[in-house]
There are 2 protein chains.
Amino acid sequence: MKKLLAAFVLLPFIGQAQNTDSLSIRRIADEMLTNGKAFENLRHLTKKIGGRLAGSPQMVKAENWGLSTLRQSGADTVYFQECLVPHWVRGGADQATVISVDDRKQRRLLDVLALGNSMGSGKKGVTAEVVAVASFDELEKRKDEVKGKIVFYNYPFNPTYVVPALAYRESGIYRAAGPSRAAKYGAVGVIVRSMSEGTNNHPHTGATRYNDSFPKIPAVAVGLEDADYLWQTCKGGRKVYVSFTTNGHFLPDTTGHNVIAELKGSDGSNDFITVGGHLDSWDVNEGAHDDGAGIVQTIEVLRTLKALGYKPKKTLRFVLFANEENGTRGGLKYAEQAKAKNEHHVLAIESDEGGFTPRGFGFTVGSDTLEKIRPWVKLLVPYGVYEFTAGGGGTDIGPLNKTLNTPLAGLVPDNQRYFDLHHARNDVFEAVNKRELLLGAINMAALIYLVDKYGLSL
Amino acid sequence: MKKLLAAFVLLPFIGQAQNTDSLSIRRIADEMLTNGKAFENLRHLTKKIGGRLAGSPQMVKAENWGLSTLRQSGADTVYFQECLVPHWVRGGADQATVISVDDRKQRRLLDVLALGNSMGSGKKGVTAEVVAVASFDELEKRKDEVKGKIVFYNYPFNPTYVVPALAYRESGIYRAAGPSRAAKYGAVGVIVRSMSEGTNNHPHTGATRYNDSFPKIPAVAVGLEDADYLWQTCKGGRKVYVSFTTNGHFLPDTTGHNVIAELKGSDGSNDFITVGGHLDSWDVNEGAHDDGAGIVQTIEVLRTLKALGYKPKKTLRFVLFANEENGTRGGLKYAEQAKAKNEHHVLAIESDEGGFTPRGFGFTVGSDTLEKIRPWVKLLVPYGVYEFTAGGGGTDIGPLNKTLNTPLAGLVPDNQRYFDLHHARNDVFEAVNKRELLLGAINMAALIYLVDKYGLSL
C-alpha cells in the first residue's frame, strides 16, 4: 500500500473516489489543452513524412520518427517489433478517359485512383465498353452482358444513415469484392463509385480483395462527379467506352515494424493496457485523420501521463501499428507475441476513426462489464464523450481479442466529415483541428487512467 | 378533432405517441438528408452575395434572396418587417506596421482589422508607443503610463475551457470595453489580441462599444501570431512604436428588414413558434457559419415541413433577422411588433453558433419545464443531440424573452472549430460540411414538431 501511495504522490488521488477521478481527469485535460504536442507532431508526420504505405520509404521514416518521438515523450522503453508486411506499389500515375462510341474521341478525363492491392492494367491499359450497374443484384441479372467489358459499380453511399460508417460498411463491399465478382463473368476491368458523400470529385482508394479463383483484373475508383457523369451517360442509351491505365503490383513482402513504447507498471503483475493507432496510411494523401490522428493521440497520452508524473499500476503499451490499410500484419504480430509471452491484456484501445471531437467509446466487452463501467461516462461528459456503446475496437487490436479474448475499446469521434476525405487526397493536416484532436487524446488517457485504477472487473 | 386528423393526414401521427414521434422525426431526417437544399442555399448566400453587414448593398441582396427562397420553400406568407439599422462602414483597408524605437524603420507589417463600430484614425493614422498589458488589472496598475500611447490588450483565449464559448465570454470584454477603458487614461489607440485559439494569424473583428464619456479612439484586432510577436517584442524591454490607419465610421441609420415567412397554424389560436438566425454578417468574410448556417437551416426546416405536407397547429414563423452583429435592431423590432399584435409565442429557437454537428439545445425556460421536456432528448439522440441544458437562446430572440417572457431555445453545435473562424476572413462556405449543417436543421425541425404537438406545458 505504501508503494502505491508513493506511486500516486504527484496527483491527489486520495479522498472521495469520484471527486478524485474527476480532478485527475481535469489535470490530464489541462495538461493536454495547455501543453499538448499532438498537433505539432501531426504536422511533422504529415508534412515532413507524408503518405506512408507499408513497405514504402516513407514508412521507414515514420517508424524512426515514431521511435524517437515516443522516447522523447518519456517512455521507459521503446522498441521495434518486426513483422513481415505486404509491399504493394501504385507504380505510377493512374489515368482514365471516357471515349464515346459515336466518335471514339476523348470526351472526358476521369479522375481515378487504382484500388489498393489491385493489379495494373499493363502499359497498354484496358479499353472496353462499360456496363453500369447499381448493385451486385443488377450484376447478376446482367451477367451475360459482362464478358470483355468494364463493370462500373455505382452503388450509392446512403445519405440517410446518420452514422456514415454504416453507409461505408454497406458500400465498401463493392470496392472489396467488386473486381472479382465482375471477373467471374469475364469482365476486363472495374470502376467503383467512391465510398463517400463528399461534395467534390476526389476518388477514394482503399484495399480490394481478389478471389484467387478469377483473373485479377484492374480496378479504379472514381469521384462522385465522375460517377454521376458516367452513370448518366451510360443510362442515356449510348454505348460508353472507357480506357484506363494502372500500374499497381506487389513486390515481395518486406520488413515492417510495430513501434512500441512502455510505461512500466508498478503492481508486479503481467498486466498490460494497450493503446494505439496505425502508422501506415495510403500513398495518395498525408494520412492525417487516417490514422495520423490516432498515432499522435497515442503519443500524447504517453507524454501527458509522464508529464504529470503518473505511475501506472499495469504496464501501459503505446503501439504504432505497422500495417492496417492493406493487411493487418502489425496487429497480428502484436497479438501473436502477446500470446507467446503469456501477457494478460486488461484492455486494448484504438483510435482509428479520425481526429474529430469525441462523442463516445465503443466496447467489445461482456454486457455485464459494459453496464459496470457505464457510470464512468459522467466523468468523461465534460470532455465530449457522452456514451459507451456495445461493439467497437479497431482493426489493429482485433487480433488481440481473437487470440487472447482481450476486451477492446474504440474511440468514437464525430464522423460526419470522415468519409469526405477517407482514403482520398484531401486527408491532409489542414483538415484536422487542434482542439478536436486533443479532446480525443484526453478521453483516451482518462479511460486508461480509470482502467488502470479499477480494472474492468469492478 | 376531425380537423386535426385531417391536418396530419400525410404523416402517420396516429398510434403510440413515442413511436409515432420517432417515425415522424425519422421522416424529417430522411427528407433533409436526401433532398436537403441547405448546402446549396448556403453556397449561394456566401458565394453570390458574400459578407453582408447591416446597411450594406450585399444585405439588400441577401434580403431579396431570403424573401424569394422562403417563398420557393413553400411558405404560406412571406414579408419584410422594416426596422432601422445602424450603418457602420469600414471605409477602406485597415493597415498597420510596427516601427521600432531604435531605427524608426518598419519592422513588421501587422495583419489588422478595425473593430466593428470603431471610429477611424483619420488619414494620417495613429502612431504611438505601445503599452502592452495582459489584462484590465494590469491596465489599472499602469494607468499613468498610458497617456498618448496605444494600449495593446494581450488577454489570452483560455485553452482549458472545453467549451470555447466560455473563453470567448471572458476575453470578449477586451474587444467590447477595451478601447474606452484605455481612452479613459488618455490612450490614442487600441490593439486587441483576437478572441481565438486558431492556429493561423487571421485577425478577428467584432463589435466594440464606446463609452460616450471618453474619446472614441481607433481600435484594431491582430491575429495570434502578430499578437505573440508584439507581446514578446514589448516585453523584451525595447520601446515599440506602432502605426495604424483605419477608416471606420457611421453613416446615418438606414432601413433594414427582418425577412419573415409563415406556415399558418390550424388550431385557430394566436400561438406562434419562431425559428431563426441572423442574415447579416461581418463584411470581411462570407458569414458562412456566422450565421449563414442558421439562415439556411431555418429555411430548410420550412422546406422540409412543407415537403412532408406537415400542417402545424400553431403558426410557425421563420425569421431571418436583420441586424445581430453590430446592434440587435432586428430582434428588438420583432419583439416590439409581437407585443403590439398581442401574439403569444410558445417558443423561439435560434441557430447562431455555427453549422457544426449538433450536440444539444440550451433552454431559457423554467426548471420545471426543462425537466418535463427532457425525455424528448431520447428522440433526438439518433440525430446528434444528447442533452438539454439550462440557459441558451440567441441574441435575436433575446428581446422576445425580455418583452413577452417567451421561452427560448438555442441549438448547441460542436463548437471546437467555431472561434477559429468567428468574425475572421476564413468563415467561408468551404468551412461548412453539408451533413453537419443538415443535422442541425433536423434537430431544429424535430424540436418544432414536438413543441407544436405538445406545447411546453406538458
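The structure displayed is predicted, hence computed values, not measured ones. Throughout, protein chains are lettered first and strands after them, A, B, ... in sequence-line order, and every chain is numbered starting at 1. Atoms considered below: every heavy atom in the structure, side chains included; atoms not considered: hydrogens, waters and symmetry mates.
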**Message:** Is it true that, when you exclude B:Arg169 itself, more than 12 heavy atoms of the residues, nucleotides or ligands shown sit nearer than 6.0 Å to its CZ?
**Reply:** no
**Item:** Sub-4.5 Å side-chain heavy-atom contact between B:Thr357 and A:Thr357
**Value:** no
**Asked** Under 3.5 Å, side chain of A:Arg359 to main-chain N/O of B:Arg359, donor-acceptor pair present?
**Response** no
**Asked** If we only count heavy atoms from C-beta on, is the B:Lys434 to A:Gln416 side-chain gap below 4.5 Å?
**Response** no
**Request:** Would you check if B:Phe356 and A:Arg417 make a side-chain contact, meaning some heavy-atom pair closer than 4.5 Å?
**Result:** yes
**Item:** B:Tyr161 side, atom OH; A:Arg435 side, atom CZ - distance, nearest 0.5 Å
**Value:** 11.5 Å
**Prompt:** So do B:Thr199 and A:Asn433 actually touch side chain to side chain, heavy atoms under 4.5 Å?
**Reply:** no
**Complete:** The interface call for A:Asp414 against chain B, heavy-atom contacts under 4.5 Å, is side chain
**Message:** I need the residue from B:Gly384, B:Gly198, B:Ala29 with the largest number of non-hydrogen atom pairs under 4.5 Å to chain A.
**Reply:** B:Gly384
**Request:** Measure distances from A:Leu439 to the heavy atoms of chain B and classify the residue's part below 4.5 Å as side chain, backbone, both or neither.
**Result:** side chain
**Prompt:** With a 4.5 Å limit on heavy-atom distance, are the side chains of B:Arg26 and A:Thr160 in contact?
**Reply:** yes
**Message:** Shorter than 4.5 Å, heavy atoms on both sides: which option in A:Asp420, A:Ile442, A:Val162 has the most such pairs with chain B?
**Reply:** A:Val162
**Complete:** Here the salt bridge (Lys or Arg N to Asp or Glu O under 4.0 Å) pairs for residues 300-310 of chain B, sequence neighbours left out, are B:Glu31-B:Arg303, B:Asp76-B:Lys306, B:Glu300-B:Arg303
**Asked** Should we say atom NZ of B:Lys48 is surrounded by more than 12 heavy atoms from elsewhere, each under 6.0 Å from it?
**Response** no
